[in-house]
Number of protein chains: 2
Amino acid sequence: MQPETPTLTHVARLANVSENTVSRVIRNKGSIAQETRKRVLDAIDTLGYVPNRAAGSLASSASLIIGVILPSLSNIVFPEVLRGIHAGLADTPYQPMIGVTDYDLGKEQQLVSSLLAWQPTALITTGFEHTDAARRMLENSRIRIAELMDIDDRPIDLAVGLSHRRAGRATAEHLVQRGYSRIGYVGHDWTADRRARARYDGLCEALSEAGLSLSVEKRHDGPSSTIAGRDTLAGLLADGAVADAVVFSNDDMAVGGFMHCLGAGIPVPERLALFGFNGLEIGQALPKPLSTVRSNRFNIGKTAVKALLAQAERPGEAQIIDTGFAIIDGATA
Amino acid sequence: MQPETPTLTHVARLANVSENTVSRVIRNKGSIAQETRKRVLDAIDTLGYVPNRAAGSLASSASLIIGVILPSLSNIVFPEVLRGIHAGLADTPYQPMIGVTDYDLGKEQQLVSSLLAWQPTALITTGFEHTDAARRMLENSRIRIAELMDIDDRPIDLAVGLSHRRAGRATAEHLVQRGYSRIGYVGHDWTADRRARARYDGLCEALSEAGLSLSVEKRHDGPSSTIAGRDTLAGLLADGAVADAVVFSNDDMAVGGFMHCLGAGIPVPERLALFGFNGLEIGQALPKPLSTVRSNRFNIGKTAVKALLAQAERPGEAQIIDTGFAIIDGATA
DNA sequence: CTGTTAGCGCTTTCAA
DNA sequence: TTGAAAGCGCTAACAG
């Protein structure tokens with residue numbers, strides 16, 4: 001026979017206090033006599049009592065849940081953001097409940113609705129693009145909302161991330177300053193990945209201001225990956241493209257490009273310079289550390305959580321936190 | 001003025017039925033007249049009603065939550081498992097609630113307790129090592145429990161994974177068959193990572209059966225990473241070690257080793273063969289695809305969820321699902 | 001500092 | 001096929 005799982009009532013009875021007092025002790029709320037608190041704590045201990053969160057949420061119409069919606073888990077970038085979120089949640093009673101959209105706004109909308117059904121304390125999602133319905137739900141819910149990764153638009157409540165357009169510009173400026181003039185681009189499908197697109201736009205914009213333009217470009221029709229980067233660069237060069245530097249849509253692609261150069265005996269950066277985005281560990285472990293942009297993913301997640309929990313109410317005006325970026329001056333460009 | 005969020009009562013009133021009927025429609029339970037169902041569905045639609053999960057969980061003492069406890073998110077392996085879990089949960093009403101232990105059994109125990117507080121339908125964790133208290137909680141809870149990654153021990157309810165000892169043995173057999181006889185090992189800290197240890201044990205065991213033993217070994221004192229692999233191999237060779245093949249604790253380490261060889265001009269596999277574990281994409285994108293073992297992480301997550309949801313009750317006898325492994329016969333060993 | 005009294009929004013009997 | 005009544009285990013508001 002399973003012993004009945006203990007409830008507040010059991011604890012209260014054993015400690016000889018009212019349920020309310022037990023509740024207060026658990027939540028550290030209101031003042032409690034030293035001795036009473038001890039008695040309650042002892043009772044909790046001997047019964048092995050664990051509060052029922054569902055009951056708590058229902059009664060207080062607020063749960064210790066943080067909803068997290070990510071576009072993907074395949075790209076190491078988002079697990080790193082999630083790691084940051086976890087770090088921010090450490091030593092708090094909050095638990096993240098996560099959903100993955102696969103870059104599908106319809107799925108996002110569905111997730112917003114089903115996560116909101118748990119009455120989470122806050123909801124974290126990505127980017128500024130949402131279906132109208134999703135946006136309405138997010139706006140109408142009174143909870144705090146963070147939109148991560150990007151800061152180039154107006155958030156619902158809080159945006160935490162970096163300017164991808166500026167990162168693209170910085171890339172162009174770096175290359176121009178280094179004297180590269182025939183700059184190519186190797187990318188992936190950006191119908192889903194708007195941020196890669198923004199970096200591309202920034203890149204072109206700054207090149208144009210320097211009197212240049214992309215000499216060649218090729219985009220892989222699918223998500224980014226090392227192998228896609230390798231093959232797409234190979235394809236670009238096979239087409240007889242002339243370039244002294246290639247910017248990749250991100251580090252995965254760039255590392256793939258590096259692999260192609262290794263295999264094909266192309267000296268990097270002497271004959272071809274390579275530039276990435278993200279600052280992944282793998283790029284820095286190459287025989288020549290990849291020149292790229294550090295995007296502080298972990299910090300984005302952690303900062304967002306901290307900011308969200310620091311203020312329970314949505315501030316009057318939407319807030320933007322720029323976690324910045326930095327050129328990693330590697331050896332490939 | 002915020003419009004009050006609609007509840008079952010509102011829907012019931014609008015549809016002119018009892019709350020109970022609405023509840024039945026939502027949960028697809030019991031038989032409902034065509035016409036009544038439609039009326040209810042319409043009401044739900046016009047009100048934009050979303051069921052309050054906390055209330056549902058409380059009333060039914062079961063939530064649509066699947067608790068997931070992972071040791072880490074830094075290693076791409078676990079996000080891939082998580083991806084599999086998500087895939088298995090697609091088209092179900094379940095949401096994963098995740099926790100990360102950082103390989104700390106104490107934290108795992110805490111997470112077990114706080115996830116159990118949500119009365120999840122099932123709980124997924126990793127490995128067979130738990131504190132006594134955690135094990136007791138898992139055993140006493142009547143919900144289904146999956147222990148992932150490993151199958152070399154007796155699970156509480158369900159184990160899904162592969163035999164790491166056998167994977168280690170297979171590695172040894174592969175190398176011996178290829179004629180390598182001076183085999184070294186480069187690893188990482190395995191006090192936390194028991195599975196790396198199991199592979200090592202299998203490797204040594206099979207080598208010994210072939211009349212061999214490890215000629216040299218070096219372990220990095222920290223978690224696995226590309227850079228650790230690179231530096232640890234460099235250190236091993238700097239010590240004047242003699243080896244014709246090196247087995248790494250996993251692909252991250254092996255890719256790092258490959259990078260060292262590239263930089264140091266060591267021909268792979270002619271002068272030094274390299275062997276990994278996991279079958280990560282990056283290994284297959286190297287100029288020479290890494291010889292390694294595919295560990296089917298995605299499938300482990302997905303299979304576990306499917307099995308867990310297929311049967312609500314814990315079966316009489318603990319069950320083991322072997323998702324297997326396969327030698328990837330790359331070009332580095 | 002502590003207790004009493006009402007629910008939170010849903011599901012679960014049990015009837016009809 | 002539907003409804004009425006009774007909680008699930010907790011927190012909130014108000015007393016005292």
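Residue numbers start from 1 in every chain, and the chains themselves are labelled A, B, ... in the order their sequence lines are given, proteins ahead of strands. What you see is a predicted model; the values in this text were computed from it and never measured.
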Could you give the NE2-to-P distance, from A/His10 to D/dG9, as a whole number of Å?
-> 8 Å
Under 4.0 Å between any heavy atoms, over every strand shown, what does B/Leu8 touch: base, sugar-phosphate, or nothing? Just pick one.
-> base
Do any side-chain nitrogens or oxygens of B/Ser23 fall under 4.0 Å of OP1 or OP2 in C/dC10?
-> no
Could you work out which one of D/dT11, C/dT12, C/dG3 sits closest to the side chain of B/Lys29?
-> C/dT12
With DNA chain D as reference, determine whether B/Ser31 or A/Arg27 sits nearer its 5' end, using the nearest nucleotide of each.
-> B/Ser31
Side chain of B/Asn20 only, please: which of D/dT2, C/dT12, C/dC10 is the nearest?
-> C/dT12
Which atom of B/Gly88 lies closest to which atom of B/Lys306, heavy atoms considered | O-NZ, 4.2 Å
Nearest of D/dA13, C/dC10, D/dC10 to any side-chain atom of A/Ala59?
-> D/dC10
Does the side chain of A/Ser18 get closer than 4.0 angstrom to OP1 or OP2 of C/dG3 through an N or O atom?
-> yes
Separation of C/dT11 P from B/Asn28 CG (nearest whole Å) | 12 Å
Rounded off to whole Å, could you give me the CD-to-P distance for the A/Glu19 and D/dA13 pair?
-> 18 Å
Closest of C/dC10, C/dT2, D/dG3 to the B/Val17 side chain is D/dG3
Expressed in angstrom and rounded to an integer, what is the separation of A/Trp118 atom CH2 from C/dG9 atom P?
-> 16 Å
B/Pro96 vs B/Leu89 side-chain heavy atoms within contact, under 4.5 Å = yes
Show your reasoning for whether salt bridge (charged side-chain N to carboxylate O under 4.0 Å, His left out) applies to A/Lys38 and A/Asp42.
-> CA-CA 6 Å; A/Lys38 185 177 168 355; A/Asp42 284 351; 2.8 Å; yes
Side chains of A/Thr7 and A/Asn52: closer than 4.5 Å at any heavy-atom pair?
-> no
Atom CZ of A/Arg13 to atom C1' of C/dG3: distance rounded to whole Å?
-> 16 Å
Give a yes-or-no answer on whether the side chains of B/Glu19 and B/Thr9 include a donor-acceptor pair shorter than 3.5 Å.
-> yes
Between residues 42-55 of chain B and DNA chain C, which residues have a heavy-atom gap below 4.0 Å?
-> B/Tyr49, B/Pro51, B/Asn52, B/Ala55
Whole Å only: how far is the CZ atom of B/Arg24 from the P atom of C/dT12?
-> 11 Å
Could you check B/Glu147, B/Arg136, B/Gln109 and say which one makes a side chain to side chain donor-acceptor pair (under 3.5 Å) with B/His130?
-> B/Glu147
Would you say a side-chain N or O of A/Thr21 is under 4.0 Å from OP1 or OP2 of C/dG3?
-> yes
Give a yes or no on whether a salt bridge exists between B/Asp150 and B/Arg195, defined as a side-chain N under 4.0 angstrom from a carboxylate O.
-> no
Separation of D/dT11 atom P from A/Leu64 atom CG, nearest Å, is 9 Å
With sugar-phosphate meaning primed atoms plus P, OP1 and OP2, does A/Ser57 contact a base, only sugar-phosphate, or nothing at under 4.0 Å between heavy atoms?
-> nothing
Shortest non-hydrogen contact between B/Pro120 and B/Ile143, atoms and distance | O-CG2, 3.2 Å
In whole angstrom, give the distance that lies between atom CG of B/Asn16 and atom C1' of D/dT2.
-> 13 Å
Which nucleotide, D/dG3, C/dG3, D/dG9, lies nearest any side-chain atom of A/Thr7?
-> D/dG9
Touch class at under 4.0 angstrom, heavy-atom based, for B/Leu58 against every strand present | base
Winner on side-chain proximity to A/Thr36, out of C/dT11, D/dT2, C/dT2, is C/dT2
